[in-house]
Amino acid sequence: MAQLLDGKTLAQKIQDDLKTKIPDWVAKQGRPPGLAVLMVGDNPASAAYVRNKERACEKIGMASFGKHFPADTTQETLSEAIAQLNEDEQVDGILVQLPLPKHLDDVALLHQIHPDKDADGLHPLNLGRLLRGEQGIRSCTPAGVMEILKAYDLSVAGKKAVVVGRSILVGKPLALMLLAEHGTVTMAHSRTPDLGAVTREADILVAAVGKPNLITVDMVKPGAVVIDVGINRVVNEETGKGRLVGDVDFANVVNVAGAITPVPGGVGPMTVTMLLQNTFLSYCRKLGV
Ligand SMILES: NC(=O)C1=CN([C@@H]2O[C@H](COP(=O)(O)OP(=O)(O)OC[C@H]3O[C@@H](n4cnc5c(N)ncnc54)[C@H](OP(=O)(O)O)[C@@H]3O)[C@@H](O)[C@H]2O)C=CC1
Ligand SMILES: Nc1nc(=O)c2c([nH]1)NC[C@@H]1CN(c3ccc(C(=O)N[C@@H](CCC(=O)O)C(=O)O)cc3)C=[N+]21
Ligand SMILES: [Mg+2]
């Protein structure tokens with residue numbers, strides 16, 4: 001059986017650490033770190049993620065400024081909201097929940113977030129810094145994956161890493177982070193023929209696609225580290241109940257992999273935690289420490 005990479009417990013540990021640090025800062029600075037989340041429309045999956053973030057903020061003593069807009073909100077309204085948050089002294093991190101409704105230009109809004117408040121690490125300046133190997137705010141999900149590898153002493157240097165999925169939110173920045181840690185990195189995507197032939201080469205295999213059971217046991221090299229980023233809600237035909245699954249056929253792959261992240265309880269909680277950490281670090285930098 002593969003070793004379980006427990007993102008939930010690791011996330012808890014990092015959040016507890018933030019929770020003990022924040023009161024001293026509040027005492028000295030007169031305000032807590034603040035995170036603003038902009039959500040547009042009523043995507044139920046997004047709503048759950050936003051709730052998780054708000055709960056985590058409250059738990060660790062961070063201020064959260066949730067802004068919920070109706071699905072038909074205009075670009076101008078959102079642009080104005082971001083301009084205000086950029087100026088707001090109480091706000092250290094800003095996140096625009098993706099995807100946005102089709103009529104909105106998400107890229108324009110992401111570019112507008114002040115790069116020092118870009119808690120999601122999606123501003124082109126921060127992505128450019130990652131590309132160049134400079135310090136900057138790193139995207140949360142890929143940063144969370146790297147933290148899991150580090151916490152379990154799973155070294156990347158010299159290993160063959162395969163990332164399935166090439167989105168700007170997950171796959172692309174993660175490939176750059178694995179490369180920075182000296183992995184030999186391959187990116188696979190929907191146009192990759194014979195995906196299994198590529199994934200079977202991987203010492204470290206990451207699935208970030210959004211398709212349940214895309215990664216089957218025959219696609220995994222025995223002993224590989226398998227990181228399942230996918231979050232898919234599936235409904236059990238018999239009970240009618242919904243549950244979360246990743247992109248990996250966990251029940252079978254767990255017998256072959258050397259280590260594996262579960263869903264839920266793997267990468268997801270680390271994403272939330274990296275968002276809090278990015279916001280805290282922006283707060284510290286703003287105060288000149
Ligand atoms: N755990 C967490 O914290 C997070 C989880 N997620 C989850 O991760 C998953 C990916 O998210 P995101 O990157 O935003 O998704 P996107 O839809 O933006 O990207 C999906 C990627 O998967 C590729 N792809 C699609 N089908 C296949 C296939 N059959 N074989 C190989 N590659 C394929 C696409 O290729 P192409 O580029 O060619 O279209 C694309 O690059 C989702 O399930 C999402 O919910 C996302 C963020 C955080
Ligand atoms: N700008 C932006 N940044 C994002 O990082 C972003 C986004 N938009 N849009 C949506 C996706 C998805 N995503 C998740 C994060 C955490 C969990 C998470 O905490 N999952 C828990 C379970 C949560 C539950 O039970 O509902 C787990 O996997 O254990 C899930 C999904 C971030 N995303
Ligand atoms: Mg759009």
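Atoms within each ligand, like the ligands themselves, are counted from 1 in listed order. The structure presented is a predicted model; accordingly, all values stated were derived computationally and were not measured.
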Contact check: Arg191 vs ligand 1, nitrogen or oxygen atoms, below 3.5 angstrom: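 Arg191 vs ligand 1: no N/O contact under 3.5 Å.
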
Heteroatom distance test (Ala188, ligand 1): nitrogen or oxygen, under 3.5 angstrom: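 Between Ala188 and ligand 1 (N or O atoms, distance only) the closest approach is not under 3.5 Å.
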
Side chain to side chain donor-acceptor pair (under 3.5 Å) contacts in which one or both residues fall within residues 134-144, not counting sequence neighbours: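 Only Arg132-Glu134, Thr141-Thr271 qualify under side chain to side chain donor-acceptor pair (under 3.5 Å).
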
Run the side-chain donor-acceptor check on residues 157-166: report pairs under 3.5 Å with partners two or more places apart or on a different chain.
residue	atom	partner	partner atom	Å
Lys159	NZ	Ser155	O	3.3
Lys159	NZ	Ser155	OG	3.3
Lys160	NZ	Glu201	OE1	3.2

Exercise answer: donor-acceptor pairs, residues 117-129 side-chain atoms, under 3.5 Å, sequence neighbours excluded:
residue	atom	partner	partner atom	Å
Lys117	NZ	Leu85	O	2.8
Lys117	NZ	Asn86	O	2.9
Lys117	NZ	Asp88	O	2.8
Lys117	NZ	Val91	O	2.9
Asp118	OD1	Gly121	N	3.3
Asp118	OD1	Leu122	N	3.2
Asp118	OD2	Leu122	N	3.0
Asp118	OD2	His123	N	2.9
Asp118	OD2	Asn126	ND2	2.8
His123	ND1	Leu125	N	2.9
His123	NE2	His111	O	3.1
Asn126	OD1	Arg129	NH1	3.0
Asn126	OD1	Ile137	N	3.3
Asn126	ND2	Pro115	O	3.1

Sub-4.0 Å heavy-atom approach of Ala208 to ligand 1: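 Yes, Ala208 has a heavy atom closer than 4.0 Å to ligand 1.
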
Within-shell test, Gly268 vs ligand 1, heavy atom, strictly < 4.0 Å: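 Yes, Gly268 has a heavy atom closer than 4.0 Å to ligand 1.
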
Could you list, one pair per line, each nitrogen or oxygen of ligand 2 together with any protein nitrogen or oxygen closer than 3.5 Å, giving atom names and the distance rounded to 0.1 Å?
residue	atom	partner	partner atom	Å
ligand 2	1 (N)	Val96	O	2.8
ligand 2	1 (N)	Asp120	OD2	2.5
ligand 2	3 (N)	Asp120	OD1	3.3
ligand 2	3 (N)	Asp120	OD2	2.9
ligand 2	5 (O)	Tyr49	OH	3.2
ligand 2	8 (N)	Leu98	N	3.1
ligand 2	9 (N)	Gln97	NE2	3.1
ligand 2	9 (N)	Leu98	O	2.7
ligand 2	29 (O)	Gly265	N	2.6

Heavy atom of the protein closest to atom 39 (O) of ligand 1 (residue, atom name, distance):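 The closest one turns out to be Ser190 OG, 3.6 Å.
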
Of the listed options Leu169, Ile215, Val209, Val170, closest to atom 15 (O) of ligand 1 (non-hydrogen atoms):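 The residue whose heavy atom sits nearest atom 15 (O) of ligand 1 is Val209.
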
4.5 Å side-chain heavy-atom contact, Lys59 and Gln12: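 Side chain of Lys59 against side chain of Gln12, heavy atoms only: contact under 4.5 Å found.
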
Check: Asp247 side chain, Lys211 main-chain N or O, donor-acceptor pair, under 3.5 Å: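 Side chain of Asp247 to backbone of Lys211, a donor-acceptor pair under 3.5 Å: yes, one is there.
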
Per-atom contacts, ligand 1 versus Val164 - under 4.0 Å to a heavy atom: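 Answer, ordered by atom number: 31 (C), 32 (N).
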
Numbered atoms and elements of ligand 1 in range of Thr271, under 4.0 angstrom, heavy atoms: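 Counting from 1, the qualifying ligand atoms are 2 (C), 3 (O).
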
